Amino acid sequence: MDIPVYQSDAPVRAYSIERKTKETQISVNLCLKGGPVEIHTGIGFFDHMLTAFAFYGGLGLELTVKGDLEVDGHHTVEDTGIVLGQAMSRALGDRKGIRRFASAYIPMDEALCFAALDFSNRPFLVFDADMPQPMIGGYDSCLTEEFMRAFAVNSGLTLHMKCLYGKNAHHITEALFKALGVAVREAVQVSGAGVTSTKGVL
């Protein structure tokens with residue numbers, strides 16, 4: 001069950017949430033204006049990716065997860081995407097004035113990855129990034145797509161991600177998370193007063 005700690009409004013652009021299930025216990029403090037970044041999921045590489053996402057996204061992010069890692073990392077990674085996406089949606093509020101659209105290319109050694117996104121409130125994920133290696137330390141490479149899908153669905157985000165080329169799953173995954181951060185940073189910036197939509201609402 002989601003337990004809101006405080007309700008955000010447009011000037012605050014922050015939200016805290018806790019979610020407990022039989023598989024995971026997650027606590028998130030998210031601020032779109034920046035702040036401390038402290039990540040503890042029990043999966044070292046995933047911590048590294050979320051830290052990179054927050055840094056390049058200009059986000060304050062304090063996130064703690066206790067998951068059933070004795071099973072595998074799937075529930076921890078996917079549920080983190082769910083809760084982080086919910087916090088992002090709440091922090092954006094009515095989305096008035098945000099740029100909404102953004103994209104980024106990120107190179108990481110031999111890999112080149114791309115993210116294009118739209119905080120449209122119409123969630124969708126297109127993910128085109130094959131992973132040459134199945135594991136990155138204790139992290140299953142296939143879980144990157146699961147995280148991105150959960151984050152997109154729960155934040156109301158249309159997200160397209162592609163690896164143009166790459167031979168190392170670590171480099172590909174890191175470039176994808178960094179591309180997401182760079183694009184989110186631009187898309188959530190307030191550049192006007194009204195809703196960025198011809199319909200007048202998102």
Side-chain angles (χ1 to χ4, degrees), residues 1-95 117 119-125 127 135-159 161 173-174 176-177 180-181 184-185 188 202:
M1 184 175 67
D2 296 331
I3 307 170
V5 179
Y6 61 83
Q7 180 64 50
S8 71
D9 55 29
V12 175
R13 288 165 59 84
Y15 201 81
S16 294
I17 190 170
E18 295 180 0
R19 181 178 188 262
K20 295 182 180 180
T21 72
K22 292 181 179 180
E23 298 167 341
T24 58
Q25 299 179 30
I26 302 176
S27 173
V28 172
N29 296 316
L30 174 68
C31 181
L32 304 186
K33 295 182 178 181
V37 175
E38 194 73 31
I39 313 289
H40 302 283
T41 69
I43 305 174
F45 182 75
F46 190 40
D47 291 354
H48 180 44
M49 294 301 95
L50 292 173
T51 299
F53 163 65
F55 177 83
Y56 288 100
L59 307 171
L61 179 60
E62 296 171 293
L63 187 151
T64 302
V65 185
K66 293 182 179 179
D68 55 355
L69 296 179
E70 71 279 3
V71 177
D72 64 13
H74 190 286
H75 298 144
T76 292
V77 174
E78 183 178 29
D79 287 9
T80 297
I82 291 171
V83 180
L84 185 56
Q86 291 172 347
M88 176 67 70
S89 182
R90 306 298 200 285
L92 287 170
D94 59 14
R95 310 188 182 209
L117 56 81
F119 278 104
S120 59
N121 245 342
R122 297 190 307 279
F124 200 92
L125 175 69
F127 188 91
M135 298 294 296
I136 309 168
Y139 176 88
D140 293 280
S141 299
C142 66
L143 294 182
T144 299
E145 183 173 3
E146 300 302 321
F147 170 83
M148 296 301 177
R149 179 177 294 106
F151 179 74
V153 168
N154 286 274
S155 61
L157 180 65
T158 300
L159 176 61
M161 308 196 90
T173 303
E174 188 162 346
L176 290 170
F177 272 89
L180 177 66
V184 164
R185 184 171 193 159
V188 303
L202 289 174

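These figures come from a predicted structure and were not determined experimentally.
- Not one N or O on the side chain of T41 forms a donor-acceptor pair closer than 3.5 Å with the backbone of V65.
- Looking at V184 and F119, their side chains come closer than 4.5 Å, going by heavy atoms from C-beta outward.
- Put simply, the side chain of L125 does not reach to within 4.5 Å of the side chain of V153, judged on heavy atoms.
- In this structure, OG1 on T173 lies 10.5 Å from NE2 on H48, to the nearest 0.5 angstrom.
- Only one option out of Y56, F151, F147 pairs with F177 in a ring-ring contact (aromatic ring centres under 6.0 Å, His included); it is F147.
- Annotation for F45: atom CZ counts as buried by contact number, over 12 foreign heavy atoms lying within 6.0 Å.
- Side chain of R90 to backbone of I17: no donor-acceptor contact under 3.5 angstrom is found.
- Between the CG atom in L30 and the CG atom in L59 there is a gap of 6.0 Å [rounded to 0.5 Å].
- Here the closest non-hydrogen pair linking G42 and D47 is N-OD1, 4.2 Å.
- How far OG1 of T21 is from CD1 of I26: 7.0 Å, rounded to the nearest 0.5 Å.
- With rounding to the nearest 0.5 Å, the separation of OG1 in T51 from CD1 in I39 is 5.0 Å.
- N154 CG to Q86 CD: the interatomic distance, rounded to the nearest 0.5 Å, is 5.0 Å.
- Under the 4.5 Å side-chain criterion, counting only non-hydrogen atoms from C-beta, T80 is in contact with F46.
- Residues in residues 76-88 take part in these salt bridge (charged side-chain N to carboxylate O under 4.0 Å, His left out) pairs, two or more places apart or across chains: R19-D79.
- Between L143 and T76 the shortest side-chain heavy-atom distance does not fall below 4.5 Å.
- The shortest non-hydrogen separation linking E70 to G67 is OE1-O, 4.3 Å.
- Between F55 and V37 the shortest side-chain heavy-atom distance does not fall below 4.5 Å.
- Nearest heavy-atom pair, A152 versus P123, reported as atom, atom and distance to 0.1 Å: O-CB, 3.5 Å.
- A donor atom on one side chain and an acceptor atom on the other are not found under 3.5 Å apart for Y15 and S89.
- Residues in residues 135-150 take part in these salt bridge (charged side-chain N to carboxylate O under 4.0 Å, His left out) pairs, two or more places apart or across chains: E145-R149, E146-R149.
- The structure places CE of M49 at 8.5 Å from OG1 of T144, a figure rounded to the nearest 0.5 Å.
- Shortest non-hydrogen contact noted between I43 and G138 is CG2-O, 4.2 Å.
- V83 places none of its side-chain heavy atoms less than 4.5 Å from the side chain of L63.
- You'll find the side chain of R185 stays beyond 4.5 Å of the side chain of F53, heavy atoms only.
- The minimum heavy-atom distance linking T158 with S120 is given by the pair OG1-OG, 2.9 Å.
- Looking at heavy atoms from C-beta onward, L32 lies in side-chain contact with M88 at the 4.5 angstrom threshold.
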